[in-house]
*Asks:* 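For reference, the structure I am asking about is given below.
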Amino acid sequence: MKLTGAEIFVECLKREGVKTLFALPGGVVLKIFDVLHQQKDIDVILTRHEQGAGHMAEGYAKATGKPGVALVTSGPGMSNIVTALVDASMDSVPLVCFSGQVSTNLIGNDAFQEADNIGLSRPCTKYNFLVKDVNDLAVTIKEAFYIAMTGRPGPVLVDIPKDVSMNKADFKYPGSVAIRGYNPTYDGNKWQIKQAAEAIVKAKKPILYVGGGVIFSGASEELLELAELAQIPVDMTLMALGAFPGEHPLSMGMMGMHGTYWANMAVHYSDLVIAVGARFDDRVTGKVSEFCPHAKVIHIDIDPTSIRKNVNVDIPIVGDCKRVLRELNQILRATANGEQKELRKPWWDQIHEWKRAHPLTYEQDPQGPIKPQHLIKRLYELTRDRDPIVSTDVGQHQMWAAQYFTLAKPRRWLTSGGLGTMGFGFPAAMGAQAAFPDRLVLCIAGDGSVQMNMQELATAVVNKLPVKVFIVNNQYHGMVRQWQDLFYEGRYASSYLDVVPDFVKLAEAYGAVGLRASKVSEIDDVIREALAVDKPVIADVPVDKYENCYPMIPAGGCNHEMILADPPELKKKQAAGAQVVGEDKDTVLTA
Amino acid sequence: MEHIISVTAENKFGVLSRVAGLFSGRGFNIESLSVAPSVDPSTSMMTIVTSGDDRIIEQIVKQLNKLIDVIKVVDLNESEFVERETALIKVHTKPEDRAEALRIADIFRANVVDSTSMTYTIEITGGIKKIEAIINLLQPLGIKELIRTGRIAIAREPIRPAVAQPKRVAKE
Ligand SMILES: Cc1cc2nc3c(=O)[nH]c(=O)nc-3n(C[C@H](O)[C@H](O)[C@H](O)COP(=O)(O)OP(=O)(O)OC[C@H]3O[C@@H](n4cnc5c(N)ncnc54)[C@H](O)[C@@H]3O)c2cc1C
Ligand SMILES: Cc1ncc(C[n+]2csc(CCOP(=O)(O)OP(=O)(O)O)c2C)c(N)n1
Ligand SMILES: [Mg+2]
C-alpha cells in the first residue's frame, strides 16, 4: 500500500520510538500536522516559538538520553530554531529537527517563506538532508536518527518540501544503516590504554578531568570505579555535573572559570591529567599555554578532532568513554594496589589544605537581602530527596547553581555550556518534564534570561508541564554587570534591567502560579509552596543585586590565579551605594 | 607549511559547500581546491592545497574525516606524490611579439589551442614552478586572461622490488 510522505513521516517516528514531538505548524507542513492530529502514539506539544521547541527537544534529550525531536515550518519557522541547533551542536545534544520546505519545483525561486534551510543549518548540525523524493524519505529519517545518536551525538536536520509530504510511495522502513563515510570508533586502542594504565599507577598527583562525554556514554559507574580504584580526585566541567556523585569524597566539584579553588589548583599542579569526554574549552583551560604545565595528559574522546585541538596530548585514546574506562579498570584492578593511596597521600593532603583555605563562601545576613547562593543552597537542601532534574539559564545564577546545587546522578543537569544561550533553561525544563511527567523539574533562571523564552509559559500551562521556575532576580544582567565591575570600572552599560515585569502577575496572567520570596525568612515557605502545587510555578526571588560570583579566573588568565572575592575598592563603592550608574530608579516589589 | 590533501567524498549535492564551509568556518587556509568525479562515479576526488603548522594540518585532516560525506582523507605530504596543474593563458600581443610568444610556448612544450590575429591561447600543464615560469615570461608580452585549474595530485605507488629480497628469505 502506498502512503503519503506525511504518513511515512509519522510511521518512521513511531518506529524510532518517538513519544513526544515539539512543534509549531505552517503552510508547508500542514499535511504532516494533519496526519499527526489523527494518531495517538506521538504526543505533539505545540510551542509558542520555534526556539522554545528546539530547547524543549534539547531538555528532553539531555534528561532521557534519547533524541529530542522537533518539527517546524519553512522560512521563519526554520530560522527561529537555528539558535537551538547551534546550542545542540556546541553541547553535543542529539536532536532530529524536521523543517518544512517549499515544493521542490519552487526551491530557489524566492518562493513565499522559502529559506535555504540546508545552508542555514549546515554549520550548526552534525548533518543535514534535503529530501527531494518521497521514495527517499524513510531511509533519510532512519539515517538522521542514526547519525544524531551515534558517535559524538549532535543535531541533524531533515528538510521536507511540501510536495514530498503530499506524494505517495511504498513504505518500507530500513532495518539498518550503512554510511560509508561515517564509522565512529568505540573501542580504544589497547596499547594506548595500557600506556594510560601505567601512567595512572605511577602518578603522584593525578587528576581526572571529566566532561560531558561521560554522561553521553553512560560511563558514570566506570568512572566511579576508576576514581576509587586509583584514588584519583575528580574535577568536573560544567557539562559533566552529575557524572560523578557531587558529595563523594573524591569529588572536587566544578573546575574552570567559576570552578572551585581546589579543583583549579589541583589541575594546575597535577602531574597527570586524565581527560575523559572533555574538550579543553577555554572556560576550563584559561590561558592554554599555562594549562596543567607540569602534567602528562591522557585524553579519552570519541571525536578525534577534540584531541590535540587546544592542548598537546601525550596519550590520546579515541573511543567511547564507557568501553575505554572498562578496559582501563580491568588493567588497574590487577595493577593498582594499596600503594596508590600511600603514594598520593601528600597530594591529598595538599588538596585538603586548598579546600580548607578557600572554601565556597557567602555571608547571609538573616535581615539583609537574600543572597543568591543561599537561595540555591536552600533549594538544593529542600529538594534533594526528590532527586530533581535542574535546568539553568545563563549567567551568574547558572554558575551559583553549578557551585551549590550538588548533583548525585547523571542526566539531572540541563544547562547551555558551549553557546551559553540565555533563555535555554525554561523550555529545557519543560522538555524534561514532558519526558518525565512525575519527576520534579526545577529551573534556576535569571531575570534577564527567562524573558527570552517567557512565551513558553503558555505551553507549560496548556500542556500541564508543572515545572518550578525560580528566578534569581538581581535586576541585572548580573554576569555582564560583574564584568563591568571588574574590567570596566563599574560602568553599567546596558546591564540594568529594572524590576520589570512583575513576574508574579505575569505568571498569573498565563494561568500559572506566581510566588515571591522577598525576605530570607520566606524562602523555605515559597519553595515548599512551589513544590506542593501541581502547576507550573514562577517563583520570583529578588536577591542582592551586587553579589558577584567567585572564584573567577579572568578570561585568558591562569588556573592558579583566581579572583576569590570582590576587590576592596569595589566593596567600598558598593557599600556607599555609589554604584548607581546605570540604574534610574531602585524599586523593590513586594508580594 | 604547505600541504596537499587528497579527499575522496560522496559525489552528491552539497558536499563541496560542506568542505568549503569547514575551511571558512574554522579559519583554515585554502590555496586551491579542485574537484571532479572519480572512477567510481558515486564518489568524487578533491585535491586541496592548504597551509598551516602541524597542529592545524592535523585538525584539518581530522575535521575533513569527520564530515559524513567524506570517505577518505590522505595528507599527500606524508609520502611521495606527483602534482600537476593546467593553465590556459590568453596572450594578446603586438604583431612583432607574436613569434616570441610561440617560441616561449615551444620551450615549455605548451600547446596553442586557439589563435586569432591578435591573440594566442596557450595551454600548459606541469608542476607549479613550470606554470609560474611561463606566466612570468609571457607577462611582458601581454596576458589578457589567465585561468588555472588549481593543483591536482596523486600519491606515487611505492616501488616494489621485482624479486624477493634476500634478507626476508634469510629470515624465514
Ligand atoms: C557563563 C558561562 C560560564 C562557564 N563557566 C564554566 C566553568 O567555570 N567551568 C566549566 O567547566 N565550564 C564552564 N562553562 C561551559 C564551557 O563553556 C563549556 O561548555 C564546557 O567547559 C565544555 O564541557 P566539556 O569539556 O565537558 O565538553 P562537552 O561540550 O560536554 O563535550 C563533550 C566531549 O566529550 C566527547 N564525547 C561525546 N560523547 C562521547 C563518548 N561517548 N565517549 C567519549 N567521548 C565523548 C565529545 O567529543 C566532546 O569532546 C561556562 C559556560 C557559560 C555559559
Ligand atoms: C542570547 C544571549 N544574549 C546575550 C548573552 C550575553 N550574556 C551572558 S550572561 C548575560 C546576563 C544574564 O542575565 P540574567 O539572566 O539575569 O542572569 P544573571 O547573570 O543576572 O544571574 C548576558 C547578557 C547570552 N549569553 N545569550
Ligand atoms: Mg539577572
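Within every chain, numbering begins at 1; the chains are lettered A, B, ... in the order of the sequence lines, protein sequences first and strands thereafter.
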*Asks:* More than 12 foreign heavy atoms under 6.0 Å from NZ of Lys296(A): is that the case here?
*Replies:* no

*Asks:* Name the region of Arg308(A), side chain, backbone, both or neither, that has any atom closer than 4.5 Å to a heavy atom of chain B.
*Replies:* both

*Asks:* Compare every heavy atom of Asn310(A) with every heavy atom of Arg55(B), then report the nearest pair and how far apart it is.
*Replies:* NH2-O, 3.8 Å

*Asks:* Considering only heavy atoms, give the residues of residues 62-85 of chain B separated from chain A by less than 4.5 Å, sorted numerically, with 'none' for an empty result.
*Replies:* Lys62(B), Gln63(B), Asn65(B), Lys66(B), Leu67(B), Ile68(B), Asp69(B), Val70(B), Ile71(B)

*Asks:* Is it true that atom NZ of Lys287(A) has more than 12 heavy atoms of other residues, nucleotides or ligands lying nearer than 6.0 Å?
*Replies:*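 Check fails, neighbour count at 12 or below.
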
*Asks:* Measure distances from Pro304(A) to the heavy atoms of chain B and classify the residue's part below 4.5 Å as side chain, backbone, both or neither.
*Replies:*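 For Pro304(A), heavy atoms of backbone and side chain both lie under 4.5 Å from chain B.
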
*Asks:* Quick one: do Lys309(A) and Glu58(B) make a salt bridge, cutoff under 4.0 Å?
*Replies:*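 Not counted as a salt bridge, because no side-chain N and carboxylate O are separated by less than 4.0 Å.
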
*Asks:* Non-hydrogen atoms of chain B under 4.5 Å away: do they reach the side chain of Asn312(A), the backbone, both or neither?
*Replies:*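 Neither part.
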
*Asks:* Can you tell me which portion of Lys132(A) sits under 4.5 Å from chain B's heavy atoms? Options are side chain, backbone, both or neither.
*Replies:*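 Contact with chain B is through the side chain of Lys132(A) alone.
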
*Asks:* Can a donor-acceptor pair be found between the side chains of Arg180(A) and Ser42(B) at a distance below 3.5 Å?
*Replies:*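 Yes - a donor-acceptor pair under 3.5 Å links their side chains.
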
*Asks:* NZ of Lys126(A): more than 12 outside heavy atoms within 6.0 angstrom?
*Replies:*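 Atom NZ in Lys126(A) is crowded, with more than 12 foreign heavy atoms closer than 6.0 Å.
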
*Asks:* Taking atom CG of Asn109(A) as the centre, report whether more than 12 heavy atoms of other residues, nucleotides or ligands fall under 6.0 Å from it.
*Replies:*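 It does: Asn109(A) CG has more than 12 such atoms within range.
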
*Asks:* Only pairs under 3.5 Å count here: list side-chain donor-acceptor contacts from residues 21-36 of chain B, not counting sequence neighbours, and write none if there are none.
*Replies:*
from	atom 1	to	atom 2	distance (Å)
Ser24(B)	OG	Ala20(B)	O	3.4
Ser24(B)	OG	Gly21(B)	O	3.3
Asn29(B)	ND2	Ser51(B)	OG	3.2

*Asks:* Check Gln59(B) against Ile307(A) and note the closest heavy-atom contact, atom names and distance.
*Replies:* NE2-O, 4.1 Å

*Asks:* In this structure, are over 12 heavy atoms from other groups packed under 6.0 Å from Asp53(B) atom CG?
*Replies:*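 More than 12 within 6.0 Å, yes.
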
*Asks:* Kindly compute the distance separating CD1 (Ile118(A)) from CZ (Arg18(B)), expressed to the nearest 0.5 Å.
*Replies:* 7.0 Å

*Asks:* Has Ile154(B) got more than 12 heavy atoms of other residues, nucleotides or ligands less than 6.0 Å from its CD1?
*Replies:*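 It does not: Ile154(B) CD1 has 12 such atoms or fewer within range.
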
